[in-house]
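Here's the structure, in structure tokens; my notes come after.
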Amino acid sequence: MLKQELSLKLQQKLSPQQIQLMKLVQLPTVAFEQRVKEELEENPALDDQASDYDEDYGGEKDEWDNQTDDFGDEQVIDTSDINIDDYLSDDDVPNYKTYTNNYSDDDDEKSVPYAQGESFIEFLTSQLFTNRLTPDQFKIAEFILGNIDDDGYMRRDIRSIVDDLAFSQNLYTSPEVVENLLVNYIQRMDPVGVGARNLQECLLIQLESKVETEAIELAEKLITESFDAFTKKHYSKLLAKYDVSDEELRDAISEIEKLNPKPGKSFSSSSKIVEQITPDFTININDGDLELLLNGRNVPELKISNAFAEMLDTYKKTENKSNEQKDAVMFVKQKLDSAKWFIDAVQQRRNTLLYTMEEIMKFQKDYFLTGDETKIKPMILKDISDRIGMDISTVSRVANSKYVTTPYGTFLIKDLFSESLTNDEGEEVSTREIKRILQDVIEDEDKRKPLTDEKLTEILKEKGYPIARRTIAKYREQLNIPVARLRKEI
């Protein structure tokens, strides 16, 4: 049975232009500069040079608006839709506002040169040539090196390597040969500890390479005989087992703490290219007042292309217009529409970023003036969106992908946002402030008797912050602070 129904729905859909604008807002500075560059390459109606066409034709708006051209009964262009002044007029938005360069001409564009060095595996392979190996041994050793991870560990089983050599290299060998090459050649390479199959073996290799002392000897025993008790910091058991003093155990542990648990990182960290952060905003302090700058030094001033605007003018003055000219002018109009929208979108992006960051700066004025993290106020996305009259998603796009440089460092804007808790005096305090206090309490604790989560809960309550123990545990984990037992020292 067919049934007809009438329903009323209220839906809000974003236009393609609005979607593109949100994408521009979300882009950090470097990505935005690349996006502008791509648009300049793709749209010939967009120019990055100052245009004087609006001065030449700015006074002919009425004549152009009222003119229509007939291409026959089948194809007609409504020239009322093709208003040159719509593209070239700068009455509403001055030219300089679409140019987001906040730097003087005297500022030098500084670039960071990057050096390309050899990889970690290449570094290890080069050391193979210092050993007297047969061709087959060299191939096997080289294959083993290919299985070492970035931390410097060889985590694959010896038998699996033997099988892979047979199937992929057509090289038949035995586990004993692979074991010999690994232990007697690869594990003697630099950095010390490379080629270990686990942390215990890695630490032992490094200890064996040191000059033998009483502390080193005891450290080797701890690693080989009591590794589990050592990692769990059962110091009382270790003292009783080896019949040593607190000082002797402390010296042995000190030697172990000097070792590198990830020898591969000591090489990769120095050769790996570190991503350079380009801040989107800069906050300076001038005479006690905050000054906000938007980084746009590499974004060119966008204008409508003179050549495309002249095409429309030529079309307007032509008496006998052909179908080819009609197609051409429609193409020109399409590109001009796209260029005009993009220029407007760049301006809207600039305004959105500045409005949003300015309110964040005002909200956290005490922090930006002093750099004291305890003065960071509780702030959520809705606090800022209500102030600037924009959607929460817009504020989120600005905060989640943008960096700000302050006199106290460079960091993600989203790091300024935090939930709030109420202290004993009824004041709302930021969770960042509580974490900072928690971190300070743990740093000042007696490492011989570290504070448990229960004790930390009591201390924070005494300071006026009534927080549950599970919340303390959550904050401690977010700060990458281990439990009390693992913070214990001799």
Just wondering, more than 12 heavy atoms not from [X] lying within 6.0 Å of its [atom1]?
X	atom1	result
Tyr355	OH	no
Lys241	NZ	yes
Asn184	CG	yes
Lys435	NZ	yes
Glu214	CD	no
Lys365	NZ	no

Within-4.5 Å side-chain heavy-atom neighbours: Leu292 and Met357: yes
Separation between CD1 of Ile384 and OG1 of Thr356, rounded to the nearest 0.5 Å: 8.5 Å
Distance in Å, Leu381 CG paired with Phe417 CZ, rounded so as to fall on 0.5 Å steps: 5.0 Å
State, to 0.1 Å, how close [X] and [Y] come at their nearest heavy-atom pair, and which atoms those are.
X	Y	answer
Tyr153	Pro261	OH-O, 2.5 Å
Lys221	Tyr242	O-OH, 3.4 Å
Thr410	Pro279	CG2-CB, 4.4 Å
Ala229	Leu238	CB-CD2, 4.0 Å

Test salt bridge (charged side-chain N to carboxylate O under 4.0 Å, His left out) applied to Lys455 and Glu458, step by step: CA-CA 5 Å; Lys455 186 61 179 177; Glu458 295 176 6; 3.8 Å; yes
Is it true that [X] and [Y] have a side-chain N and a carboxylate O under 4.0 angstrom from each other?
X	Y	value
Lys377	Asp383	no
Arg197	Glu179	yes
Lys474	Glu477	no

Check: Phe368 main-chain N/O paired with Tyr408 side-chain donor or acceptor under 3.5 Å: yes
Cation-pi, Phe32 ring and Arg349 (6.0 angstrom, 45 degrees): yes
Aromatic ring proximity Phe230/Tyr235, centre distance under 6.0 Å: no
CA sep, side-chain torsions, deciding dist, call: Glu39, Lys37, salt bridge (charged side-chain N to carboxylate O under 4.0 Å, His left out): CA-CA 5 Å; Glu39 190 69 20; Lys37 181 180 178 181; over 6 Å; no
Exercise: do Gln347 and Asn351 side chains pair donor with acceptor under 3.5 Å: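 On atom types as modelled, these side chains qualify, holding a pair under 3.5 Å.
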